[in-house]
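When reading the values below, keep in mind they use all heavy atoms of this one structure, side chains included, and skip hydrogens, waters and symmetry mates.
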Amino acid sequence: MKLDAEDLAKITSLTLAHYEESAQSFEAGTRDHDVSQNIAALLRHIEGQAPLDILDLGCGPGRDLKTFAALGHHPVGLDGTPSFVDMARQASGCDVWHQDFLHLSLPPARFDGIFANAVLFHIPSQELPRVLKDLHATLKPRGILFSSNPRGGNQEGWNRGRYGAYHDLDTWRTLLQTAGFEELEHYYRPEGLPRDQQPWLASVWRRVG
């Protein structure tokens with residue numbers, strides 16, 4: 001079923017409201033999450049030396065912005081939740097842009113890498129090709145996109161107050177390749193567990209063109 005403008009506005013407003021209402025508990029609950037494997041996957045594929053320009057898409061309260069800055073890079077955060085924007089600015093001292101994912105306004109060829117950790121699954125499938133093209137355009141030539149999403153059987157809908165789309169690897173590959181990316185690697189998380197206990201699909205992509 002095709003979503004109209006009213007549907008998309010509702011998806012955005014209700015999902016952001018969920019995060020706004022739970023901002024403090026979300027920060028406390030994710031503060032100590034270890035995503036070093038994901039950060040390393042992004043950085044090792046970027047062709048260039050520090051400091052790198054990195055967009056932390058859906059930066060939340062700023063945990064990973066702090067990590068990128070501590071590594072000597074120049075990260076910029078982006079989030080649609082007002083409390084997260086304020087928290088991320090205070091926590092990291094970095095620039096943080098207040099934008100929602102369906103209305104991005106990104107500078108062309110600005111970033112060496114994009115870190116999209118647990119965020120792109122919130123974008124409805126019909127809008128994802130457009131958003132991926134926006135991300136492609138804001139990367140420098142041969143720039144790198146990292147994404148990590150909960151995987152599924154290509155279903156989407158509401159889940160505990162948030163909208164999500166849950167893709168399998170083949171569908172995700174098709175979406176990214178159509179948007180002008182080439183695959184560099186993928187893996188499942190958490191590391192070291194049987195596949196049926198690894199709900200997260202992580203992948204790394206290079207901008208082509």
Side-chain angles (χ1 to χ4, degrees), residues 1-19 38 42 45 53-60 75-82 84-85 95-159 161-184 186 200-209:
M1 183 180 68
K2 183 173 176 58
L3 301 168
D4 61 22
E6 184 176 348
D7 295 326
L8 295 173
K10 180 179 179 181
I11 285 169
T12 297
S13 63
L14 292 181
T15 300
L16 291 177
H18 170 89
Y19 282 112
N38 295 345
L42 170 70
H45 288 291
D53 293 313
I54 296 169
L55 176 63
D56 187 353
L57 185 74
C59 65
V76 173
L78 186 152
D79 209 282
T81 304
F84 284 168
V85 172
D95 288 339
V96 180
W97 301 340
H98 185 201
Q99 300 181 26
D100 77 67
F101 305 142
L102 298 186
H103 299 90
L104 295 173
S105 178
L106 301 172
R110 166 73 166 77
F111 295 101
D112 298 293
I114 297 173
F115 190 63
N117 190 68
V119 56
L120 291 178
F121 77 99
H122 284 313
I123 298 169
S125 295
Q126 73 177 46
E127 301 300 305
L128 191 55
R130 175 178 60 83
V131 173
L132 291 174
K133 288 181 179 179
D134 289 342
L135 300 183
H136 184 280
T138 201
L139 282 170
K140 298 175 184 177
R142 295 183 62 80
I144 301 299
L145 168 65
F146 170 87
S147 74
S148 179
N149 297 303
R151 60 191 179 94
N154 304 310
Q155 72 274 29
E156 61 187 290
W158 293 98
N159 182 8
R162 305 173 298 171
Y163 193 88
Y166 307 97
H167 304 290
D168 62 21
L169 177 58
D170 287 342
T171 299
W172 191 244
R173 277 178 170 154
T174 298
L175 286 162
L176 271 291
Q177 290 167 353
T178 301
F181 292 93
E182 63 177 355
E183 184 179 354
L184 300 176
H186 74 271
W200 293 88
L201 169 62
S203 54
V204 188
W205 306 84
R206 176 179 286 122
R207 170 183 161 164
V208 178

Can you tell me if CD on E6 sees more than 12 non-hydrogen neighbours from other groups inside 6.0 Å? no
Roughly how far, to the nearest 0.5 Å, is OG1 of T15 from NZ of K10? 10.5 Å
Derivation and outcome, side-chain contact (heavy atoms from CB on, under 4.5 Å), residues F146 and N38: CA-CA 8 Å; F146 170 87; N38 295 345; 3.2 Å; yes
Sorted by first residue and then second, give each salt bridge (Lys or Arg N to Asp or Glu O under 4.0 Å) pair with at least one member in residues 144-155; sequence neighbours left out. none
Rounded distance (nearest 0.5 Å) linking atom CG of L57 with atom CG of L145: 8.5 Å
Test salt bridge (Lys or Arg N to Asp or Glu O under 4.0 Å) applied to R162 - qualifying residues, sequence neighbours left out: none
Can you name the residues that form a side chain to side chain donor-acceptor pair (under 3.5 Å) with H18, not counting sequence neighbours? none
Taking every heavy atom of L8 against every heavy atom of P124, the minimum-distance pair comes out as CD2-CG, 3.9 Å
For N149, all residues meeting side chain to side chain donor-acceptor pair (under 3.5 Å), sequence neighbours excluded: none
Would you confirm whether T138, through its side chain, and L135, through its main-chain N or O, come within 3.5 Å as a donor-acceptor pair? no
If I take atom CD1 from residue I114 and atom CG from residue L42, how far apart are they, to the nearest 0.5 angstrom? 9.5 Å
Show, in sequence, the C-alpha distance, side-chain angles and deciding distance for D56 and V76, and conclude whether the side-chain contact (heavy atoms from CB on, under 4.5 Å) test is met. CA-CA 6 Å; D56 187 353; V76 173; over 6 Å; no
Would you compute the distance between atom CG of L102 and atom CD1 of I11 and round it to the nearest 0.5 angstrom? 8.0 Å
Do the two ring centres, one from F101 and one from H122, sit under 6.0 Å apart? no
Write down the atom of G77, the atom of C59, and the distance for their closest heavy-atom approach. CA-SG, 3.9 Å
Qualifying salt bridge (Lys or Arg N to Asp or Glu O under 4.0 Å) pairs, either residue in residues 95-111, two or more places apart: D53-R110
I'd like to know whether NE2 of H98 has more than 12 heavy-atom contacts from other residues, nucleotides or ligands below 6.0 angstrom. yes
Side chain to side chain donor-acceptor pair (under 3.5 Å) with S203: which residues, sequence neighbours excluded? S147, W172, W205
Suppose we screen for side chain to side chain contact (heavy atoms under 4.5 Å, CB included). Which residues come up paired with P150, at least two apart in sequence or across chains? F121, Y166, W200
OH of Y163 to CH2 of W158: how many Å apart, nearest 0.5 Å? 8.0 Å
How long is the straight-line distance from CD of Q126 back to CG of D7, given to the nearest 0.5 Å? 8.0 Å
Taking H136 for the side chain and G180 for the main chain, is one N or O donor matched with an acceptor at less than 3.5 Å? yes
Name all residues meeting the side chain to side chain contact (heavy atoms under 4.5 Å, CB included) criterion together with L184; count only those two or more places apart in sequence or in a different chain, and write none if there are none. H45, I144, V204, R206
According to side chain to side chain contact (heavy atoms under 4.5 Å, CB included), who are the partners of T171, at least two apart in sequence or on a separate chain? N154, H167, D168, L175
side-chain contact (heavy atoms from CB on, under 4.5 Å) for R207 and R142? Distances and angles first, verdict last. CA-CA 5 Å; R207 170 183 161 164; R142 295 183 62 80; over 6 Å; no
Would you mind listing every salt bridge (Lys or Arg N to Asp or Glu O under 4.0 Å) that reaches into residues 123-139, with sequence neighbours excluded? E127-R130
The criterion is salt bridge (Lys or Arg N to Asp or Glu O under 4.0 Å); which residues satisfy it with D79, sequence neighbours excluded? none
For Q99, all residues meeting side chain to side chain contact (heavy atoms under 4.5 Å, CB included), sequence neighbours excluded: L78, W97, L104, S105, L106
